[in-house]
Amino acid sequence: MSSEALVLGIETSCDETGVGVVRGSTLLADAVASSVDEHARFGGVVPEVASRAHLEAMTATVHRALHDAGVTLADCDAIAVTAGPGLVGALLVGTATAQALALAADKPLYGVNHLAAHVAVDRLEHGPLPQPAVALLVSGGHSSLLRVDDVTSCVTPLGATIDDAAGEAFDKVGRLLGLPFPGGPHIDRLAAGGSPDAIEFPRGLTGSRDMERHRFDFSFSGLKTAVARHVELRQREGEPIALSDVAASFQEAVVDVLSRKAVEACRGQGIDHLLLGGGVAANSRLRAVLEERCSTAGIALRVPRPALCTDNGAMVAALGAALVEADISPSAIGLAVDSSLSVDRVTVD
Ligand code: KG4
Ligand code: ZN
């Protein structure tokens, strides 16, 4: 098909009910209903609560997106929906909705990979994606380094977290420090008043032996334990805890490893474009350090605006439009969700 496909995208892999409408590389609507407040008292996303919230928000969010875009379902060329990875019950709400809409309006349906959608969204902000590119995706649910030769068909994993995701580490440390959920933005703010060198926290998987086996992988659970120990020790001794120093030093450890490995991945692959995505891309220190290290290494850094970095439907629609333009075959109407869909599968059958 020619360019400028009009696509409705649905995202429900975690706690955001996102419905977006995109025409080619142009964002027409980005309606998001988040259930994050409902998870706050549990200190993390509760799958059943997320699924129920998706069900409650879905119809209104679809209507809002179509209304904001000034189009009808009949106008759309295709429907795209996140098929994985993510929470299975949450994914099912999105795919069931997309299947019903595709059947009712007789539209092709694309079940897509959430991570590829995080990459594709940047075409809405900065135009055609530079390919090949390396992508660093960091959120509450995933931390991945990818090589993207073609976002519609060729995405290769370079590394990922072997335990906690980067955002999850921020949220767990936030809880340790008595901050509200999600802890990431609070730690970011608190860290601004502290010293990143105050406490030397461990940099996971950066030792020489780890770099042989896990060159582009991440690990944050040891760091989280080190912060917990630091806090416990101070409490036991009755010493005050310098919260802003702990926040800044923890944040520095995460940012140092993420940015170092991302730049290394670009160098190793001979690629001079790096794309940053996911909720943790909002972190002010990560953006600053990455900008500095990329500019020193001659790497062009692309970061979509924060609303497009966090989970949303526009990213799914953006990938859907790219798939239509590339003449990729749609998925079956009875497509299945895959909670651990591997990164190299951009679409499901
Ligand atoms: O992409 P996202 O909205 O949802 C998924 O988890 O998929 O990302 C949310 C995550 C949370 O862990 C949150 O703490 C983190 O992104 N986050 C941040 C910041 N803003 C959001 N982490 C560090 N600094 C921030 N400014
Ligand atoms: Zn995400």
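Residues take their numbers from the sequence shown, with the count starting at 1. Reckoned from all heavy atoms, side chains included, excluding hydrogens, waters and symmetry mates. As the structure lists them, so they are numbered: ligands from 1, and atoms in each ligand from 1.
- By the criterion of a heavy-atom distance under 4.0 Å, both the backbone and the side chain of Thr310 are placed next to ligand 1.
- Look at Asp30 and Arg64 and you find no salt bridge, because none of the NZ, NE, NH1 or NH2 atoms lies under 4.0 Å from a carboxylate O.
- Using a 4.0 Å heavy-atom cutoff, Pro185 is listed among the residues neighbouring ligand 1.
- Side-chain contact between Thr95 and Leu109 is absent, with no heavy-atom pair separated by less than 4.5 Å.
- Taking every heavy atom of Gly141 and a limit of under 4.0 angstrom, the matching atoms of ligand 1 come to 6 (O).
- Not one N or O of Gly278 is nearer than 3.5 Å to an N or O of ligand 1, by distance alone.
- Considering backbone and side-chain atoms alike, Gly279 places an N or O below 3.5 Å from some N or O of ligand 1.
- The side chain to side chain contact (heavy atoms under 4.5 Å, CB included) test with Leu8 singles out one residue from Leu101, Val71, Val22, and that residue is Leu101.
- Residues Phe250 and Phe170 place their aromatic rings such that the two centres sit under 6.0 Å apart.
- Protein heavy atom in closest approach to atom 26 (N) of ligand 1: Asp188 OD2, 2.9 Å.
- Residue, atom and distance of the protein heavy atom nearest to atom 15 (C) of ligand 1 are Val280 CG2, 3.9 Å.
- Using a cutoff of 4.0 Å between basic side-chain nitrogens and carboxylate oxygens, Lys107 and Asp77 are not scored as salt-bridged.
- The closest approach between a heavy atom of Gln251 and any atom of ligand 1 is not below 4.0 Å.
- Atom numbering of ligand 1 starts at 1 in the shown order; those under 4.0 Å from a heavy atom of Ala282 are 20 (N), 26 (N).
- Looking only at atom types and distance, the side chain of Gln251 has no donor-acceptor partner in the side chain of Arg285 under 3.5 Å away.
- Heavy-atom contacts of Glu16 reach the following atoms of ligand 1: 3 (O) (cutoff under 4.0 Å).
- Close approach of ligand 1 to Gly167 is summarised as follows: ligand atoms under 4.0 Å from at least one heavy atom of the residue are 12 (O).
- The nearest heavy-atom contact from the protein to atom 6 (O) of ligand 1 is Gly140 N, 2.8 Å.
- Heavy atoms of Asn283 found under 4.0 angstrom from ligand 1 belong to the backbone as well as the side chain.
- Of all atoms in ligand 1, listed by their number and element, those nearer than 4.0 Å to a heavy atom of Asp171 are 11 (C), 12 (O), 13 (C), 14 (O).
- Screening Val7, Val316, Leu73, Leu103 for a side chain to side chain contact (heavy atoms under 4.5 Å, CB included) involving Ile79 leaves a single residue, Leu73.
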Checking side-chain hydrogen bond (donor to acceptor under 3.5 Å, both in side chains) for the pair Glu11/Asn312: CA distance, chi angles, key distance, verdict?
CA-CA 6 Å; Glu11 153 62 36; Asn312 63 82; over 6 Å; no

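- With the Zn ion (ligand 2) as the vertex, atom NE2 of His142 and atom NE2 of His114 span an angle of 90° (nearest 10 degrees).
- Heavy atoms from other residues, nucleotides or ligands lying under 6.0 Å from CD of Glu200 number 12 at most.
- For ligand 1, the atoms closer than 4.0 angstrom to any heavy atom of Gly184 are 14 (O), 18 (C), 19 (C), 22 (N), 23 (C), 24 (N), 25 (C).
- When hydrogens are left out, the protein atom nearest atom 4 (O) of ligand 1 is Asp311 OD2, 3.6 Å; that is the closest non-hydrogen contact.
- An angle of 90° is found at the Zn ion (ligand 2) between His118 atom NE2 and Asp311 atom OD1, rounded to 10°.
- More than 12 heavy atoms of other residues, nucleotides or ligands sit less than 6.0 Å from atom CZ of Arg203.
- The ring of His67 has its center no closer than 6.0 angstrom to the ring center of His63.
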